Asker: 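One structure, as structure tokens, below. Some questions next.
Predicted, not measured: the structure shown is a model, and the values here were computed from it. Computed from heavy atoms alone, side chains included, the values below leave out hydrogens, waters and symmetry copies.
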There are 2 protein chains.
Amino acid sequence: MAAKPRGASKRSQRTKLQPVQEASSESPLSRDRIVATAVELLDARGIDGLTMRRLADCLGSGVMSLYWHVDNKEDVFDLALDSVLEYRGSLDIVESQDWRGDVVHMLEDWRARMLRHPWSASLLPRRALGPNILGRLEMLSKTLSRAGVADADLNVAIWSLWNYVMGATLTRASFDLSDDDRAAGQQRLTILSEHYPTIERSRLLLDNDWDGAFRKGLDFLLDGLSPG
Amino acid sequence: MAAKPRGASKRSQRTKLQPVQEASSESPLSRDRIVATAVELLDARGIDGLTMRRLADCLGSGVMSLYWHVDNKEDVFDLALDSVLEYRGSLDIVESQDWRGDVVHMLEDWRARMLRHPWSASLLPRRALGPNILGRLEMLSKTLSRAGVADADLNVAIWSLWNYVMGATLTRASFDLSDDDRAAGQQRLTILSEHYPTIERSRLLLDNDWDGAFRKGLDFLLDGLSPG
DNA sequence: CATCGTATGGTACATCGTACTAGTCAAGCG
DNA sequence: CGCTTGACTAGTACGATGTACCATACGATG
């Protein structure tokens, strides 16, 4: 795993120019810096815009240098996703009276964070559960339990909320991404409107109040989950 | 768009051997056949296992021949996804008394179809709405409307159910895919169990009754959505 | 000075999607 | 019949990608 100690017969003739501050304030290339830059790149150029070469360019380093800090590209995705889902404050609300408000707040924050980085939604399905996600699940579990949800229903309740948030975020993000296809989609819908009269009448696909719909649907779900 | 009419100076010396039934019963390579084979390949080798070269091999054709019937690889994904979500019978239940049962049945069928082809779940986020999906939404809309859901709540109800199904399917599929990482995941959870006492105690991540949980959560959601 | 762990990067390769080009074959037409 | 055309099938080649392999360079330690 270490470098070959093969003695170099050639003397290095480097003159130690520019000891620090090479060209563009290059920090020594750390795992965190890689992840941060990867997130920037993903934000700017989308999920296909992240290549190892580009990432190295943005960092001002060689491509293969990344592989010292990171296993492979999958690893970069995993780390980028988890870094975006950071969550604090699960322990702050020790004795809140408003469990419902707490749950809604956490889930809305979750959704907001993912929508701020639309690539994260389409990345989620294939990834494992990072610590930040587990932290959120833990907070959910604790809050619901304290709210009186029966132990037998607890896991179902958690997964239901998780499912709802994931689905809502994913849907919203994918509809956002297709801003280019918006015209085509609308056109196709109008063409086919005769086949789908009900959803055409209710303007299901044209309703843009995503935030409101998310909140209202979440309320419905919590109504169903509420004990008693 | 047509072939060059450049006159061939060389005469073809083909002797018309094997007029039909070339080597392995090769049908003339149609769009449908391409999509069907793509689904087979996706089922067998996963989302990264589908390459145009492999697809052509399985079809016994040249790679570039595919591009006559299909725009590009994205197109193959779109078609494969939609072909998996086929849905019939939306019009059959004209006057069912059990609207709730109808909804549950359609959604469970939806989920089951996607789980039968796990790649479809992780493919959904980036795709547009195909006709089969629209058909299902139409059925949902009609049924809920007839069940007495207020017009103002209709879209929210539909999206809530959609979100729930998408999230549940996606989650289930991703947990299934990580069968290899199951050991690592469980180990990591046990290691970190001190940080997540509540979800560890309720064995959230070890609960394997996905079908039951889906059904129960759906019931909760429908409870919340039920008019009155 | 020799050795080694940490860290960096250039080169090279297999594989991918697909543009370009050249074909084959059947039908239509003079 | 020969010639044209258009539907369809392929081979070749190109640029891009992830990353294995190898060669360094440098500070710390012997």
Side-chain angles (χ1 to χ4, degrees), chain A residues 1-20 22-24 26-34 37-38 41 45-78 80, chain B residues 1-20 22-24 26-34 37-38 41 45-78 80:
Chain A
M1 276 185 201
K4 297 273 170 60
R6 187 115 50 88
S9 55
K10 223 189 291 182
R11 257 258 271 25
S12 68
Q13 52 167 13
R14 53 116 188 78
T15 45
K16 212 176 180 183
L17 292 170
Q18 300 126 355
V20 212
E22 278 284 328
S24 54
E26 336 217 312
S27 324
L29 191 61
S30 70
R31 197 176 166 96
D32 285 346
R33 222 163 72 82
I34 291 178
T37 311
L41 247 173
R45 331 225 357 190
I47 211 162
D48 290 330
L50 177 69
T51 72
M52 298 304 273
R53 279 172 235 265
R54 251 207 283 271
L55 187 51
D57 274 357
C58 290
L59 287 161
S61 78
V63 196
M64 294 317 290
S65 308
L66 305 177
Y67 285 88
W68 179 262
H69 306 269
V70 162
D71 286 353
N72 45 40
K73 197 185 181 185
E74 290 279 287
D75 201 17
V76 177
F77 279 133
D78 283 340
Chain B
M1 276 188 201
K4 300 272 169 61
R6 189 113 49 86
S9 55
K10 222 189 291 182
R11 258 259 261 36
S12 69
Q13 51 166 14
R14 51 117 187 79
T15 44
K16 213 175 180 184
L17 293 171
Q18 299 127 357
V20 212
E22 278 284 331
S24 54
E26 335 217 308
S27 324
L29 190 61
S30 69
R31 198 178 166 95
D32 286 344
R33 223 163 70 82
I34 291 177
T37 311
L41 247 174
R45 333 231 349 197
I47 211 162
D48 290 330
L50 177 69
T51 70
M52 298 304 274
R53 280 172 234 265
R54 250 207 282 273
L55 186 52
D57 274 357
C58 290
L59 286 162
S61 76
V63 197
M64 294 318 290
S65 307
L66 305 178
Y67 285 89
W68 179 262
H69 306 271
V70 160
D71 286 352
N72 45 39
K73 198 185 182 185
E74 290 278 289
D75 201 15
V76 176
F77 278 134
D78 283 340

Asker: What is the distance from atom OG1 of B:T37 to atom CG of B:D57, rounded to the nearest 0.5 Å?
Answerer: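 Answer rounded to 0.5 Å: 12.0 Å.
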
Asker: Bend across the helix from C:dC1-D:dG30 to C:dG30-D:dC1, to 10°, with axes taken over 5 pairs at each end?
Answerer: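 The value is 30°.
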
Asker: Please give me the minimum heavy-atom distance between B:L50 and B:F77, naming the atom from each residue.
Answerer: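 Smallest interatomic distance, heavy atoms only, reads CD2-CE2, 3.8 Å.
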
Asker: Grab the CD1-P distance between B:I47 and C:dC16 for me, whole Å please.
Answerer: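 Whole-Å distance recorded here is 15 Å.
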
Asker: Can you tell me how far C1' of C:dC16 sits from CZ of B:R45, to the nearest Å?
Answerer: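 Nearest whole value for this atom pair: 14 Å.
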
Asker: OP1 or OP2 of C:dT8 versus the side-chain N and O atoms of A:H69: is any pair under 4.0 Å?
Answerer: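 A:H69 to C:dT8 OP1/OP2: side-chain N or O found under 4.0 Å.
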
Asker: Considering all heavy atoms of both residues, which atom of B:L29 and which atom of B:S65 are nearest to each other, and what is their separation?
Answerer: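 Shortest heavy-atom separation between B:L29 and B:S65 comes out as CD2-CB, 3.8 Å.
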
Asker: Any protein N or O atoms within reach of nucleotides 17-20 of chain C? Criterion: under 3.5 Å, listing atom names and distances.
Answerer:
unit_1	atom_1	unit_2	atom_2	d
C:dG17	OP1	B:K73	NZ	2.5
C:dG17	OP2	B:M52	N	3.0
C:dG17	N7	B:R53	NH2	2.6
C:dG17	O6	B:R53	NH2	2.8
C:dT18	OP2	B:Y67	OH	2.8
C:dT18	OP2	B:K73	N	3.0

Asker: Measuring from A:L41:CG to A:C58:SG, what's the distance to the nearest 0.5 Å?
Answerer: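 The distance works out to 4.0 Å.
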
Asker: Could you grab the distance from atom CE of A:M52 to atom CG of A:L55, nearest 0.5 Å is fine?
Answerer: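 Output value for this atom pair is 6.0 Å.
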
Asker: To the nearest angstrom, how far is B:L55 atom CG from D:dA10 atom P?
Answerer: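 The answer, rounded to whole Å, is 13 Å.
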
Asker: Could you give the CG-to-P distance, from A:L59 to C:dG9, as a whole number of Å?
Answerer: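 Those two atoms, CG and P, are 10 Å apart.
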
Asker: How long is the line joining CZ of A:R31 and P of C:dT8, in whole Å?
Answerer: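 Rounded to whole Å, this separation is 14 Å.
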
Asker: Which pair of non-hydrogen atoms, one from A:Y67 and one from A:N72, has the smallest distance, and what is that distance?
Answerer: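 What the structure gives for the nearest pair is CE2-CA, 3.9 Å.
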
Asker: Using atom CG of A:D57 as one end and atom P of D:dT17 as the other, report the distance to the nearest whole Å.
Answerer: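 After rounding, the reported distance stands at 10 Å.
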
Asker: Please confirm whether the shortest side-chain N or O distance from A:S65 to OP1 or OP2 of C:dG9 is below 4.0 Å.
Answerer: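 So the side-chain polar atoms of A:S65 do come within 4.0 Å of the phosphate oxygens OP1 or OP2 of C:dG9, strictly under.
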
Asker: Using the rule given for side-chain contact (heavy atoms from CB on, under 4.5 Å), can you reason through B:R54 versus B:R45, listing the C-alpha separation, both sets of side-chain angles and the distance that settles it, and then say yes or no?
Answerer: CA-CA 11 Å; B:R54 250 207 282 273; B:R45 333 231 349 197; 3.1 Å; yes

Asker: Whole angstroms only, please: what is the CG-P distance between B:L66 and D:dG11?
Answerer: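 Checked: the CG to P distance equals 12 Å.
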
Asker: Taking side chain as C-beta onward, heavy atoms only, is A:V76 less than 4.5 Å from A:L66?
Answerer: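 A:V76 does not reach A:L66 side chain to side chain.
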
Asker: Taking atom NE2 of B:H69 and atom CG of B:D75, what is their separation to the nearest 0.5 Å?
Answerer: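 Reported value, rounded in 0.5 Å steps: 12.5 Å.
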
Asker: To the nearest Å, give me how far apart CZ (B:R33) and P (D:dT9) are.
Answerer: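 From B:R33 CZ to D:dT9 P: 9 Å.
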
